[in-house]
Number of protein chains: 2
Amino acid sequence: MVTEPVTESDAVAFAQTFKALSDPVRLRLLSMIAARAGQEVCVCDLLDAFTQTPPTISHHLKVLRDAGLITGERRASWVYYRVVPSALAALSQLLDASAMTATADA
Amino acid sequence: MVTEPVTESDAVAFAQTFKALSDPVRLRLLSMIAARAGQEVCVCDLLDAFTQTPPTISHHLKVLRDAGLITGERRASWVYYRVVPSALAALSQLLDASAMTATADA
DNA sequence: CGTCGAGTTTGACACTCGTCGAATCCGATG
DNA sequence: CATCGGATTCGACGAGTGTCAAACTCGACG
């Protein structure tokens, strides 16, 4: 069992990704996109679930995109989004490893 | 396989916790505390690893405490911190479930 | 009981972030 | 090519955040 204290540069990278998840709107957006497994989701479908205006939703989608958590593709008049499973898995593993290490005896 | 779109109130709660992880200093603090499995860590041990001043580190520890990610206990002149594994595990499971759901076929 | 050291709280400041309205871009369709 | 609708970008404003210096709290120790 390795007791890894996370390097400073890794911390910066992970923190940026977690920051993308630190907003309720973004968390719900990601969840809604993830919930449609193979299907793709267009922005117009997402808008209905929020009170925020289109520019705000678009801003949040951009934050998620810049964080590498989702990808967007334009087809015809609509933009479709998908999640990047590996990105979520990486975060999950970091938290799980920390939880395990902390639980283990000295 | 349940395709869960996460309720709005859950999103608020999770977002608050992720916000606590959205700073490199806090991420390293948590990691350093988690790395000392059974042992407890006093603030004086943590301070050496950072350029930030004691008030700043103390502030970050409070954020992690308020988020329920760590607990602190004062003994004699020193305060010792421990992580709360279940809190980390909950976040890990959320991300893992989303990654799995997104990977699964429609 | 006075002092010292570990840690936290307070107050202030620069900076970032979420939000919206207005303007813009980009395909499609007439 | 003019127009329309979906989506994004721009500009601005109020709220929140990270940081530090200074002041404070709490045990311990002489």
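In this structure the side chain of M32(A) never reaches within 4.5 angstrom of the side chain of V41(A), judged on heavy atoms. Using a 4.5 Å heavy-atom cutoff, the side chains of F14(A) and L21(B) are not in contact. Between V6(A) and L94(A), some side-chain heavy-atom pair lies under the 4.5 Å cut-off. The side-chain heavy atoms of V43(B) and L61(B), taken from C-beta on, include a pair separated by under 4.5 Å.
Taking both residues in full, the closest heavy atoms of S98(A) and L88(B) are given as CB-CD1, 3.8 Å, listed atom of the first, atom of the second, then distance.
Atoms CZ and OG1, on R36(B) and T101(A) in that order, are 13.0 Å from each other to the nearest 0.5 Å. With rounding to the nearest 0.5 Å, the separation of CZ in F18(B) from CG in L95(B) is 4.0 Å.
Residue contacts shown for R26(B) are limited to sugar-phosphate atoms, with no base heavy atom under 4.0 Å away.
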Completion exercise
Given protein heavy atoms under 4.0 Å, the one-letter contact record of nucleotides 2-15 of chain C, with B base, S sugar-phosphate only and - none, is simply ----SSBB------
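Judged by distance alone, with hydrogens and angles left aside, the side-chain atoms of R28(B) form a donor-acceptor pair with the main-chain N or O of A49(B) at under 3.5 Å.
For DNA chain D, the span of nucleotides reached by chain B at under 4.0 Å from its heavy atoms goes, 5' to 3', from dT17(D) to dA28(D).
Comparing R75(A) and S22(A) along DNA chain C, the residue whose closest nucleotide (by nearest heavy atom) sits nearer the 5' end is S22(A).
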